[in-house]
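Report on one structure; see the data block that follows.
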Amino acid sequence: MTELSRIRNFSIVAHIDHGKSTLADRLIQLTGTVAERDMKEQLLDAMDIERERGITIKANTVRIEYPAQDGHTYVLNLIDTPGHVDFAYEVSRSMQAVEGSLLVVDATQGVEAQTLANVYQAIDANHEIVPVLNKIDLPASEPERVKEQIEDVIGIEAHDAVEISAKTGLGIPDVLEAIVQRLPAPAAGDPDAPLKAMLVDSKYDQYLGVIVIVRIIDGTLKKGDRIRMIKTGGTYDVDDVGVYRPAMTSVPSLGPGEIGYLNASIKQVRDTRVGDTITLEKRQCETALPGFKPSVPVVFCGLFPVDTNDFDDMRDAIEKLALNDASFSYEMETSAALGFGFRCGFLGLLHLEVIRDRLEREYDIELITTAPSVIFHVYSRDGEMTELHNPADMPDPATIDHIEEPRIKATVLVPDEYLGDVLKLCQDRRGIQMDLTYAGTRAMVVYDLPLAEVVFDFYDRLKSVTKGYASFDYQMLGYREDNLVKMQVLVNDEPVDALSIMVHRDRAEGRGRAMCEKLKELIPRHMFKIPIQAAIGGRVIARETLSAMRKDVTAKCYGGDATRKKKLLEKQKAGKKKMRQFGKVEIPQEAFINALKMDG
Amino acid sequence: MAEIVEGGFGLYIHWPFCAAKCPYCDFNSHVTRTVDHGAWADAYVREIARLAAETGDQRLDSVYFGGGTPSLMEPATVQAILDAVRAGWSVANDWEVTLEANPTSVEAARFAGYREAGVNRVSVGVQALDDASLKALGRLHSKDEALAALEVARSTFDRVSFDLIYARQGQSLSDWRDELLRGLDLGTDHLSLYQLTIEPGTAFWDRKQAGGLKGLPDEDLGADLYEATAELCAEHGFEAYEVSNFARDGARSTHNLIYWNAGDWGGIGPGAHGRLTLGGERIATEQTLLPKDWLAGVPDGRHESRHLLSSLDRANEYLMMGLRLRDGISLTRLESMAGRPLDANRLTDLEGYGLVERSGSRLAVTEAGRMVLNRVVSELLLE
């Protein structure tokens, strides 16, 4: 156990690409925590997807021992938190587990929306915050302007910001000193009190089972203890406790203020809920830690195997993934167009993409993803509310009193010159402006937007209209009534359930027309003409006709060509099996998601 | 008494050399400075003897010299080959002996020698009727040279056909109509009219991949061009007896009909394919591609590989080749090859779309069906 006054627990808050991982690597390197030969980029991001996308999904922790200028050696515990809005709750728990934050801002770019959301989490957790300006070595860096911006936009002191270059190592010793001198030690805990520890995060290791990251508040955790999770009620025998340096290193015990891991032969990550309180089975603490929330999926979509024969494999894969991700939900779904699959719920779009990528990559299953949607609250005439996860399940409109949809507060930071485009995009998506302020040459736009309009391609559109210069973040605002209807798409006079969407009545014609036009491009010409229609109830609101294929014939085919041309035709025939047969129409898989993308 | 094979029996001779490679051509052709004509003649003769030993009981309906550029062969080589052929098989009274020729003055000068050797039909690679297009297609002849060569061909051979390539870069519907009308007036009895297709492994393909080769027609213009072709040919008494082949009465190509009617043919020369019925089985033969490997392989037979065609392969080939013909296929024959009929629902659908027609036991595509033949065939392919 370490004396409290020699412990500093902190996180790093930064926008993607502003240098969080590089700074963490440098801190680990400079303190000799990892031998030079074991260094690799982004030590803390473990999953391939994390490394590739430069994002953090799971919290990681590392213990650094630092001999400070005051002659004492300090234990610095860094928690690397997820940085994405999808994991806002997980971030908040990580923030609660530490006392301070380094706010890393790229001195060439300034504050971004994602930085804001996370720094507010740090402020909410009463953190002491040390601003760090990175990339100070680049000619384009403007430390003074960015300091002003931090003070204006975030409202924290920035004149004594530490100026560094994580890439070259410049200023890293100053960061270590600032951590020791400016961040507080953990609040006094009682090592002899009943164990009270926060479950910060957990992950599955194929050799060790579930590894839990914990922060000790009171009491002591050691090998052999029988622990109890207060919310889930599970009890486990602790096989090992330790810290990450960043390799797992056993320690005899963990005491108040310390952060480390425990391994207790827990089979499934699902049994460990982020934010839960861990105590001893025999000697329980009196109160659980505040702020626990079960995670609730907000974005839903259908996932179907491209090859219908893969369904059983897909079910196995989904069950395995779900064991290790409590925030991911699934139920079986049957679609006339796509066959058997699953309706899955996610914390957000990134979470959706991560799960889909893992299914495709780790389990080698090709998937069709249907358009993401949100949970609508459908109120019947007799006052009952049902959650609608899938437009295909929409009840008879005659029985509906009204429908409510989730709204979000979206914050966009954007350079002046793109402001008009951003405002137009937000208006087009049924947004209501809440705030518009300026910080230097950048505008901060706050909109109240329907989540349903955002889950699909809002972020792509935002990036495209601002050439990548805008940053975006959001918080949930709650549910509100609006004039929402279900729009169906009929291809060759048959409804295609996987293309049904919920849409605002006033926008239905426009969306319907856009979808029909898109489908006309996405569906290849057939040997007959195909009407493509959008309809509300029985009423057609938009219509396009895909004309019949006019010409597909091989010009030359003599004796020497027979073998090759026959193979080509057989291949063409096999290729068509990858499309979904709908009546007599074959629809390529990408149509199911691309038909909904809006160009404007 | 010689045996008559269903669909006919022919012999294909591949001459692999060209004076220059054309940018659209994906046939097995090679440009070389010198050719040992004697050695090549000997090799062909040897091959013919080998093939005749297996199939000599069949009556031969046709010989076809393709390439490459067979009009670069010395007449003596053609003579030696045809002498060997006549020694190996009994030939039909009306047998057809075609040679593909390029319309340059040098090549036209050999026409008389080919006739002497026994060639009775030439297929001339005219390709276009204006100099700019000929240049764009990488041809070595001019329009005037082509017309002169055609003149020589008509006075030398009973039967003359020529090729044109349309749907070229920047070619409009009216450009093509004008060009085709001039072509129809050139006094031949057979025409092969091909839409330009950009095949992998050609210079055009590379150019297109690199973003070049602009102005090729889209599907709709391609369809309009095809329709205009059929219409103009019909008006001038040329029947569209195959997707890209048009003939006046009785002037259909006997040899090519063997391919489309799934008859038997021997294939000799680098890269040549053949189909032989031996001991009740249908065999696909394929000879090695590179001229020097082929020449070296002939003495011990290393240059040829063979495999047995399954009953499905056989039926599918017949389906794919036979539906190219206006006369279509015999469903009875197809069924006896495959051991089962075509998918009745699909046939009914295709009839419903007006793409195929049944008449007795024959199945043929309609004019509309011919334009989407690849789709029709892949719909019907047996699995």
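In what follows, chains carry the letters A, B, and so on, assigned in the order in which the sequence lines appear, proteins first and then strands, with residues in each chain numbered from 1. Predicted model, so just to flag it, every value in this text is computed and none were measured.
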**Message:** Strictly below 4.0 Å, N to O, side chains only: are B:Glu379 and A:Lys573 in salt-bridge contact?
**Reply:** no

**Asked** Given side chains that start at C-beta, do those of A:Lys566 and B:Asp313 come closer than 4.5 Å, heavy atoms only?
**Response** yes

**Item:** Atom pair SG/CG of A:Cys557 and B:Leu373 - distance to nearest 0.5 Å
**Value:** 9.0 Å

**Message:** To the nearest 0.5 Å, what is the distance between CZ on B:Phe27 and CG on A:Asp561?
**Reply:** 5.0 Å

**Item:** Residues A:Lys565, B:Glu199: salt bridge by 4.0 Å N-O rule
**Value:** yes

**Request:** May I ask you to list the residues in residues 538-553 of chain A that approach chain B closer than 4.5 angstrom, counting heavy atoms only, ordered by number?
**Result:** A:Met549, A:Arg550, A:Lys551, A:Asp552, A:Val553

**Prompt:** Side chain of B:Ser244, backbone of A:Ala555: donor and acceptor closer than 3.5 Å?
**Reply:** yes

**Message:** When you compare the side chain of B:Ser192 with that of A:Lys556, does any pair of heavy atoms fall below 4.5 Å?
**Reply:** no

**Prompt:** Quick one: CZ on B:Arg275 to OG1 on A:Thr563, what's the gap to the nearest 0.5 Å?
**Reply:** 4.0 Å

**Message:** Within the 4.5 Å heavy-atom criterion, are A:Leu569 and B:Leu381 side-chain neighbours or not?
**Reply:** yes

**Prompt:** Can A:Arg525 and B:Asp220 be counted as an ion pair, charged N to O under 4.0 angstrom?
**Reply:** yes

**Request:** For the residue pair A:Tyr558 and B:Tyr259, categorise the inter-ring angle as parallel (less than 30°), tilted (30 to 60°) or perpendicular (more than 60°).
**Result:** perpendicular

**Prompt:** Does A:Lys584 count as lying over the ring of B:Tyr353, i.e. NZ or CZ under 6.0 Å from the six-ring centre, within 45 degrees of the axis?
**Reply:** no

**Complete:** A:Tyr418 meets the side chain to side chain donor-acceptor pair (under 3.5 Å) criterion, sequence neighbours left out, with none

